[in-house]
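Structure, as C-alpha cells:
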Amino acid sequence: MNILVINCGSSSLKFQLIESNTEAVLGKGLCERIGIDGSRIVYTPAGKDKITIESPMPTHTEAIKLVLDCLTDAENGVIASLAEINAVGHRVVHGGEKFASSVLVNDEVIAAIEECADLAPLHNPANLIGIRVCMELMPGVPEVAVFDTAFHQTMPEKAFLYGLPYEAYTEDKIRRYGFHGTSHSYVSKRVASFLGKDLADLKTIVCHLGNGSSIAAVNGGKCVDTSMGLTPLAGLMMGTRCGDIDPSILEFYAGKHGWDIHEVTDVLNKKSGVLGVSGVSSDFRDVEEAADAGNVRCQYALEAFKYQVAKIIGSYVAAMNGVDAIVFTAGVGENSATTRQGVCDYLGYLGITIDAEANGKRGEEIVISTADSKVKVLVIPTNEELMIARDTLALATK
Ligand code: AMP
C-alpha cells in the first residue's frame, strides 16, 4: 500500500509517500510560506535530486494540489495517478483528552478535532484543512488522524494536574497534555527492540531535542510524565520558546514594557529560549559556533539548555524510581555530540559514562555509553512520518 503522510503547519506542509511493505519513502517534500508571498514547494523523488518549484499557494488547498501534482508528474512523479494513494495519515497536534490513540477520520472525529482547536489555535485548524482537502481530492480514500498528544494520555493525575483550582481542569480543560508524542512513542519502542529487551520491562527517558524540545518518562512503554504542558511552550527552554518560567513574570514583564497579554506571550514564544539568551540565533549550530569563538551569551544559552535537560532527566529518574536507558533524538539530540556529552556530564551520579568515539558518530541508532555505564545512553533517529504511516496502515486495513 502507498500511504501519504501529511503534516500541516500554520504556513507549511511536510509530506512523504511511503510504501508500506518495504517502508521505503517514494517521495517527500515541503511546502513553505503558504499564504505568504514567495511560496514554494521543495520535492525530492526517491533516488533523484531535490526540485524546487516557486508557485503561489494562498491556502493549504493549493499546497496539497501541488503535492499531488508533483507525486503524479509524468517526469518526476513516483506514482502514475492518485488511484495509487491507498490511505492518508495526518499529523494532528492536539487531541485533548478525547484521543489516546490514532483514529480513522469521520465526521465525529472532525468535530472532536475542531473542539480541541482552542487548545492549539495555530495548528489544529491547519491540520483540519489538510484532512478536508485530502477528502475532497481523494474521495473514498481512508484518512487517519495521528495525534501529538495521544501517547501522553497514560500520564496519571499527579503528573498532569496543575496546582490550580480543580475546575480549571474539569471545566476549562487546563492540564498537562504533552507533545511530540509520535516521536516519544516511536523512539521508546525502537530502544526496546534495539537493546533486545521487552518494552514492558524498560524505564526509558526520551530526550526529543530539536527546535522544539521535550522529554518524556516512559515506564513499561507507557508515558508517565513529560515536560511540555497545556501547550508546547512549557518545559525546557527551546530554540525560541522560554520553557518553564515563574508565572508571575508575565504580569511583571508586561507591566515594565506596557505590553498586553498577546505581546508578552509573543516574546515568550518567539524571542526567548536559546535565541533570547544568546542574542545570536535559535539554531544550535550557529550558537555552538559563536560559543566556541568566545561569545559568552552563547555559552550561557547552551549551558543553561544542557543543565535544564539534566535536571528534567533527574526528576524523571525520581518519578520512575530508576532508569534503564536515556535516549537522545531530533535535530539537536541526533546531531550535537557536545550537547549529549554536556548533559551526561551532569549525570555522573547515575554511574553514566560516555564513549567519546561512539558519541562522535552520526545518523545511526547507537549506544553511546561505555560498556560499564550503569545506565545505557543511546541516540535513536526519530521518524514521526514512519510512525504515522504505520498507524495509518493498521487502521486503514482493519
Ligand atoms: P528539529 O526541530 O528536530 O528539526 O531540529 C532542528 C534543530 O536541530 C536546528 O534548529 C538545529 O539547531 C539543530 N541541529 C541540526 N543539526 C545540528 C548539528 N549538526 N549540530 C547542532 N545542532 C544541530
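In listed order, ligands and their atoms are each counted from 1. In this text, all values refer to a predicted model and were calculated from it rather than measured experimentally.
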Give the residue, atom name and distance (to 0.1 Å) of the protein heavy atom nearest atom 13 (C) of ligand 1. V332 CG2, 3.6 Å
Tell me: protein heavy atom nearest atom 7 (C) of ligand 1, and distance? N211 N, 4.0 Å
Identified side-chain contact (heavy atoms from CB on, under 4.5 Å) partner of L13 from the options I64, L30, I41: I64
Could you tell me whether atom 4 (O) of ligand 1 has a protein heavy atom closer than 4.0 Å? no
If the test is salt bridge (charged side-chain N to carboxylate O under 4.0 Å, His left out), which one of K173, R176, R175 qualifies with E97? R175
Identify the closest protein heavy atom to atom 11 (C) of ligand 1: which residue and atom is it, and at what distance? D283 OD1, 3.3 Å
Would you call the rings of F284 and F305 parallel, tilted or perpendicular, taking 30° and 60° as the class edges? perpendicular
The protein heavy atom nearest to atom 19 (N) of ligand 1 is N335 CB, 3.5 Å
Between H184 and S214, is there a side-chain donor-acceptor contact under 3.5 Å, judged purely by atom types and distance? yes
Can you classify the ring geometry of H257 versus W259 as parallel (below 30°), tilted (30 to 60°) or perpendicular (above 60°)? parallel
For S336, counting its heavy atoms only, list the atoms of ligand 1 lying under 4.0 Å from any of them. 21 (C)
Quick note on ligand 1: atoms under 4.0 Å from a heavy atom of G210 include exactly 1 (P), 2 (O), 3 (O), 5 (O)
Quick test: of every protein heavy atom, which one is nearest to atom 22 (N) of ligand 1, and how far off is it to 0.1 Å? F284 CB, 3.5 Å
What protein heavy atom is closest to atom 14 (N) of ligand 1, reported as residue, atom name and distance in Å? G331 O, 3.7 Å
Out of H180, E384, R285, E334, who gets a non-hydrogen atom closest to atom 15 (C) of ligand 1? R285
For the residue pair H94 and Y177, categorise the inter-ring angle as parallel (less than 30°), tilted (30 to 60°) or perpendicular (more than 60°). perpendicular
In Å and rounded to the nearest 0.5 Å, what is the CG to CD1 distance from D73 to I53? 7.5 Å
